Amino acid sequence: MAAVSWLGITAGTAFGQTTTESEPADDTQQIVVTGTYLGGVRQEDRASPVLTVDAEALDRTGVSSLGDLTRFIPQNVGSAGGMQDLAKGGADTRDTRSVNLRGLGAGSTLVLLNGRRVTPQGGDDFVNLNALTPDIAIGRVETVLDGASSTYGADAVAGVFNVITNTRFEGVKLSAQYTGIDKSSSWNVQGMIGLGNDTIRSVTSASYRFVDNLQNSDRAITNFFNPSGAGFPGRYTLLARPTNASGGNLVIGGNDYTALYDARAVNGRLTVVDPNCGAAGTESQYIPATGATFGLGNCAYNFQPKNPIRPRSQSINIHNDTTIEVADNQEVFVELAYYHQESKRFGVPSYAQNAGNATMPAANPYNVFRVPVIFLGRAIGAQGFPGGYDYRVMRDTVDNQHYVLGARGDLFAGWKYTANVSYSGSHTIARDKDTDMNLFQAALNGFGGPNCNYLFNGAGGGAVAGAGNCLYYSPLQGNLQQMDPTLIHNLQTDVYFDFKREYYLAEAVVNGTLATIGGHNLDVAIGGQYRRENSTAQYSDLLLSGFGGFLGKRLNTSFRRNVKSGFIEANYEVIDGLNVNAAARYEDYGGFNTTAPKLAINWRIIPEISVRGSASRAFQAPTISNGSNSLISTGVGNVTDPTKSPPDTTFRTIQTFGNPGLQPQTADVYNIGATVLPVPRARLSVDYWSYKYKNQIQLQSAQAVVNASPNGPAVIRDSSGNIQAVQVTSFNAPSGTQTSGIDFAAAYSFDMGELEIGLRSNLTYLLKYDIDIGSTTPGAASIVYNGVGFRNQFVQSPLSSSAAPRWRAVSGIDFGYGRHSLSTTWRYTSGVVDDQGLSLNTSGTGSIIPATATSKIKAFSVFDVQYSVKLGQDDKYELAVGMINAFDTAPGFARFNGYLPSIADPFGRQIYARIQAKF
């Protein structure tokens with residue numbers, strides 16, 4: 001039956017509840033399906049479409065992490081984390097991956113572990129799938145596709161992703177998989193042991209996973225010229241008229257800088273590029289200003305080759321489920337989980353210096369201009385620094401914990417209960433390096449090096465500029481090889497970010513039959529939950545001081561809130577085959593409260609045909625930090641300054657402030673579907689779905705803020721007029737994202753003699769993806785455009801928007817012959833228009849999406865194949881070999897990143913081998 005249920009939408013069908021080795025269908029266990037607390041209601045009688053992946057199906061994908069499974073779920077688009085996406089953000093310093101159903105944002109999908117909440121990972125705004133549990137422990141993964149706010153929480157807008165572990169395994173199971181990717185291989189070694197008797201059962205699993213880093217320079221699609229206006233070589237603002245040592249005109253490389261200053265200086269200042277801009281090995285290119293033949297313009301630095309596609313990481317994951325029967329039909333259960341990760345991101349050797357600039361004095365012996373000059377650029381470029389400093393290595397450490405203690409059992413008259421308390425915590429320490437501008441200025445003044453007696457308020461006793469232990473530093477490329485390696489002390493200073501997220505939860509549910517009416521039971525579940533959320537962020541002194549050259553000023557924050565909720569769910573079979581399910585959940589966020597209702601109907605007209613429909617209202621309060629009135633985070637992003645000629649594009653500090661005026665966002669969710677069982681072992685399923693936000697919480701685009709008011713109060717500039725930081729905040733878009741589409745799933749299995757064959761297909765077709773960008777004019781109507789078929793990275797596109805390919809599909813054929821099996825899978829995502837950096841028409845006349853010549857990111861179509869064989873007595877051993885992206889298909893080119901992570905990956909062909917043993 002696995003060939004029928006694998007990656008299929010299972011609602012309303014006879015195959016809705018699959019059974020696996022983790023959950024045998026016996027009389028001693030009550031199987032509760034995701035999306036309901038009613039233990040007596042079968043999945044085939046539920047109206048909510050649920051996509052189920054069991055352990056066997058997970059093995060057939062060949063993925064080595066749970067996060068990779070999202071590639072096989074067509075309803076998921078735009079997952080964040082774990083891979084570099086400079087245009088949209090998301091941590092690329094650690095091994096992390098989110099769910100993003102329907103492209104509504106990671107915060108719109110509720111991730112559960114065994115039906116219980118898990119805190120978002122510290123430093124991220126989403127639950128890290130790769131940290132939940134060892135893959136070997138997974139019994140099945142169930143994804144509810146029509147929202148579940150009334151059951152699990154008002155924030156489950158797009159649906160629920162529930163990872164259910166194997167709690168009934170007995171024996172020992174071992175697994176090891178090696179995945180070979182060109183220049184970036186991975187290992188995943190796992191084990192599970194299950195012990196027990198009639199009184200106690202305990203299953204413990206553990207895994208060790210290693211993933212090697214992959215750099216942009218390792219792939220042709222990502223190894224392209226991607227310029228920043230701040231680089232090494234950099235630019236220099238001359239503060240006086242340059243001359244040579246005898247007082248005559250200064251000529252460098254045949255170019256007369258004195259004459260250039262006399263002709264083009266404004267208010268006694270002139271900015272010129274480094275004389276060696278464009279030299280071999282510098283990954284730079286001279287872009288002259290209009291009419292200039294030398295000196296004026298930008299030195300565009302290509303940061304792309306030195307940045308990563310993904311980081312190097314290693315992690316351990318330990319999970320335990322223990323159940324103790326303390327009396328007849330009374331159990332105590334414990335769940336313990338621990339995750340530890342260490343990762344390294346290899347990036348450009350140094351950041352740009354945007355948060356203030358340093359001056360190279362005329363007395364610096366390396367200063368060829370012989371007048372004070374302001375340095376604009378970064379301390380270290382593609383050539384590294386003497387002493388072997390070729391990359392800036394960012395190191396992250398993640399520690400996640402999840403503890404649950406609970407009880408369940410019978411109450412009376414068939415009523416059952418479950419109650420538990422839990423703690424879920426995540427602690428991330430991210431270590432990086434930035435330039436301390438005080439130390440950098442000291443080195444330019446001749447007080448560089450770790451052994452120079454330079455104090456916070458100037459030179460100490462015995463310190464003489466350029467003498468003894470005190471060194472001069474030169475940012476000129478021509479002097480790079482003359483620099484003492486110990487000057488790295490002045491160029492790179494350790495900084496850290498310390499993030500903690502915590503959930504304290506207590507919840508209880510009772511369910512049973514309230515009454516029998518007309519021969520049918522009215523089943524009811526009633527429950528409540530108390531949740532305390534804590535979120536803290538602490539930073540090193542350099543970040544708090546604001547003297548870092550690039551990362552910007554930070555502020556330690558600590559937020560806390562309590563969320564109280566209660567819910568009721570009821571199911572009644574009105575007539576044979578017609579089930580009506582109603583649910584409502586009240587939530588109080590302390591200042592915000594709401595009731596989230598849901599009504600669903602499933603009608604099995606005849607055994608072979610069923611129809612279903614559901615309607616619900618979801619509610620999301622602002623996050624605890626978003627609703628504050630302070631600086632809540634600081635990041636970086638590529639921003640173009642339109643006031644420069646030519647426009648100056650480089651990474652800038654982006655400061656995000658809370659908005660205490662934010663209101664909750666709501667969403668209306670609808671689903672209508674049908675399932676047909678035309679012949680035995682076959683299923684066809686189709687669903688129309690719709691999500692409509694109101695007052696959606698959006699984050700301003702930094703580029704849109706700059707474009708709207710280049711010299712406004714939200715654009716912070718230095719004394720030379722260069723952008724240092726852009727301040728953004730969240731706002732309520734009057735309407736919000738509205739999206740709709742059609743899901744189609746089909747499966748059919750049959751036998752040809754001893755050969756078993758299974759056909760499967762799961763696809764989604766996007767009808768609408770309306771994006772509300774708010775209003776560019778106070779009091780004016782909101783501007784909405786349909787983003788279907790677009791990348792949706794227009795200048796005005798909110799960060800919550802995702803790429804919206806029209807089609808996404810996963811189809812396959814599986815063969816089984818005795819101990820042998822062969823699986824082939826086709827994954828397809830249609831292409832989108834590459835609108836990155838383009839502007840929408842917000843003038844009020846003409847088409848919102850202007851008729852601008854744009855490139856298109858091509859579709860991603862790949863084939864996966866796996867062969868496996870079982871060996872030994874009782875099939876104790878299994879060997880599997882396979883290929884992901886067997887034909888080594890490259891992704892379509894996308895501006896800025898090289899590829900679009902929400903559509904494709906740049907890994908190329910992945911060849912893997914896995915061996916498993918069960919005893």
Side-chain angles (χ1 to χ4, degrees), residues 2 5-10 18 20 22 34 50-83 95-103 106 109-114 118 126-145 158-166 175 177 179 186 188 190 205 207 209 211 310 315 317 319 339 745 760 762-764 808-812 814 823 825-829 860 862 864 866 880 882 884-885 901-905 907 910 912 914:
S5 63
W6 181 36
L7 290 176
I9 298 176
T10 61
T18 59
T20 69
S22 64
T34 306
V50 177
L51 188 149
T52 302
V53 183
D54 61 20
E56 183 181 354
L58 185 63
D59 282 345
R60 283 203 296 268
T61 64
V63 300
S64 59
S65 69
L66 185 58
D68 288 341
L69 181 64
T70 57
R71 301 202 304 260
F72 293 82
I73 301 176
Q75 294 77 13
N76 184 88
V77 59
S79 290
M83 297 171 65
D95 180 26
T96 180
R97 203 69 180 153
S98 77
V99 183
N100 189 4
L101 295 176
R102 311 299 188 192
T109 302
L110 181 60
V111 177
L112 303 174
L113 179 60
N114 291 318
V118 180
F126 53 80
V127 173
N128 180 10
L129 296 182
N130 296 336
L132 283 177
T133 188
D135 295 348
I136 199 171
I138 297 173
R140 67 183 187 273
V141 178
E142 293 184 342
T143 305
V144 179
L145 296 172
V160 170
F161 189 90
N162 188 17
V163 179
I164 302 168
T165 58
N166 186 333
S175 172
Q177 176 170 321
T179 303
S186 65
N188 194 14
Q190 305 182 81
S205 58
S207 68
R209 182 168 179 258
V211 179
R310 70 177 181 188
S315 59
N317 205 331
H319 188 272
Y339 175 81
R760 50 186 163 78
N762 185 6
L763 63 88
T764 187
R808 289 175 64 88
V810 177
S811 302
D814 306 309
S823 294
T825 300
W826 173 53
R827 293 181 287 121
Y828 175 81
T829 302
F860 193 56
V862 297
D864 307 328
Q866 176 181 284
I884 298 173
N885 190 359
S902 56
I903 288 183
D905 68 68
F907 299 136
Q910 305 177 47
Y912 63 89
R914 181 179 64 249

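Bear in mind that the values here come from a model prediction, so they are computed numbers and not experimental data.
Using modelled atom types, one finds no donor on one side chain facing an acceptor on the other under 3.5 Å when comparing Gln177 with Ser175. Thr34 and Asn162 form a side-chain donor-acceptor contact under 3.5 Å, judged by distance and modelled atom types alone. No side-chain N or O of Asn317 forms a donor-acceptor pair with one of Ser207 less than 3.5 Å apart. Between the side chains of Thr825 and Arg760, at least one donor N or O lies within less than 3.5 Å of an accepting N or O.
Among all heavy-atom pairs drawn from Phe126 and Thr96, the shortest one is CE1-OG1, 3.2 Å. When every heavy atom of Val160 is checked against every heavy atom of Leu101, the shortest pair comes out as N-CD1, 4.3 Å. Nearest approach of Phe72 to Val63, heavy atoms of both residues: CE1-CG1, 3.4 Å. Of all heavy-atom pairs spanning Ile884 and Tyr912, the tightest one is CG1-CE2, 3.9 Å. Closest approach of Ser823 to Asp814, counting heavy atoms only: OG-OD1, 3.0 Å. Pairing each heavy atom of Leu51 with each of Ile73, the nearest pair is CD1-CG2, 4.3 Å.
Here the side chain of Thr61 pairs a donor or acceptor atom with the backbone of Leu58 at under 3.5 angstrom. In this structure, Asn100 contributes its side chain and Gly78 its backbone to a donor-acceptor pair below 3.5 Å. Using a distance-only test at 3.5 Å, with no hydrogens or angles considered, no donor-acceptor pair links the side chain of Asn130 to the main chain of Ser65.
Expressed to the nearest 0.5 Å, how far NE2 of His319 lies from CG of Asn166 amounts to 10.5 Å. A distance of 12.0 Å separates CD1 of Ile164 from OG1 of Thr133, quoted to the nearest 0.5 Å. Note that CG of Leu113 is 11.0 Å distant from CZ of Phe161, once rounded to the nearest 0.5 Å.
Within the structure, every pair that satisfies the salt bridge (Lys or Arg N to Asp or Glu O under 4.0 Å) test and touches residues 68-80, not counting sequence neighbours, is listed here: Asp68-Arg71.
For the salt bridge (Lys or Arg N to Asp or Glu O under 4.0 Å) test, residues two or more places apart in sequence or in another chain that qualify with Asp864 are Arg827. With sequence neighbours left out, Ala131 forms a side-chain contact (heavy atoms from CB on, under 4.5 Å) with Gln121, Asn128, Tyr339, Asn400. Thr70 is linked by a side-chain contact (heavy atoms from CB on, under 4.5 Å) to Asn76, Ser79, Leu129, counting only residues two or more places apart in sequence or in another chain. The side-chain contact (heavy atoms from CB on, under 4.5 Å) check on Pro74 picks up Asn762, Thr764, Arg808, Val810, with sequence neighbours excluded. The salt bridge (Lys or Arg N to Asp or Glu O under 4.0 Å) test applied to Arg914 returns no partner, not counting sequence neighbours. Among residues two or more places apart in sequence or in another chain, the side chain to side chain donor-acceptor pair (under 3.5 Å) test is passed with Ser811 by Ser761. With sequence neighbours excluded, no residue forms a side chain to side chain donor-acceptor pair (under 3.5 Å) with Tyr828. Considering only residues two or more places apart in sequence or on other chains, Ala809 meets the side-chain contact (heavy atoms from CB on, under 4.5 Å) condition with Leu763. When the side chain to side chain donor-acceptor pair (under 3.5 Å) test is applied to Arg97, no partner is found at least two apart in sequence or on another chain. Under the side chain to side chain donor-acceptor pair (under 3.5 Å) criterion, Ser902 pairs with no residue, sequence neighbours left out. Remark: Phe907 pairs with no residue by the ring-ring contact (aromatic ring centres under 6.0 Å, His included) rule, at least two apart or across chains.
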Side chain to side chain contact (heavy atoms under 4.5 Å, CB included) assessment of Leu132 paired with Val127: CA-CA 8 Å; Leu132 283 177; Val127 173; 3.8 Å; yes
Audit row: Val211, Arg310, side chain to side chain contact (heavy atoms under 4.5 Å, CB included) steps and yes/no: CA-CA 9 Å; Val211 179; Arg310 70 177 181 188; 3.3 Å; yes
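Salt-bridge check for Arg209 with Asp135: failed, with every basic side-chain N at 4.0 Å or more from each acidic carboxylate O.
Thr143 has its side chain out of reach of Gln75: every pair of non-hydrogen atoms, C-beta onward, lies at least 4.5 Å apart.
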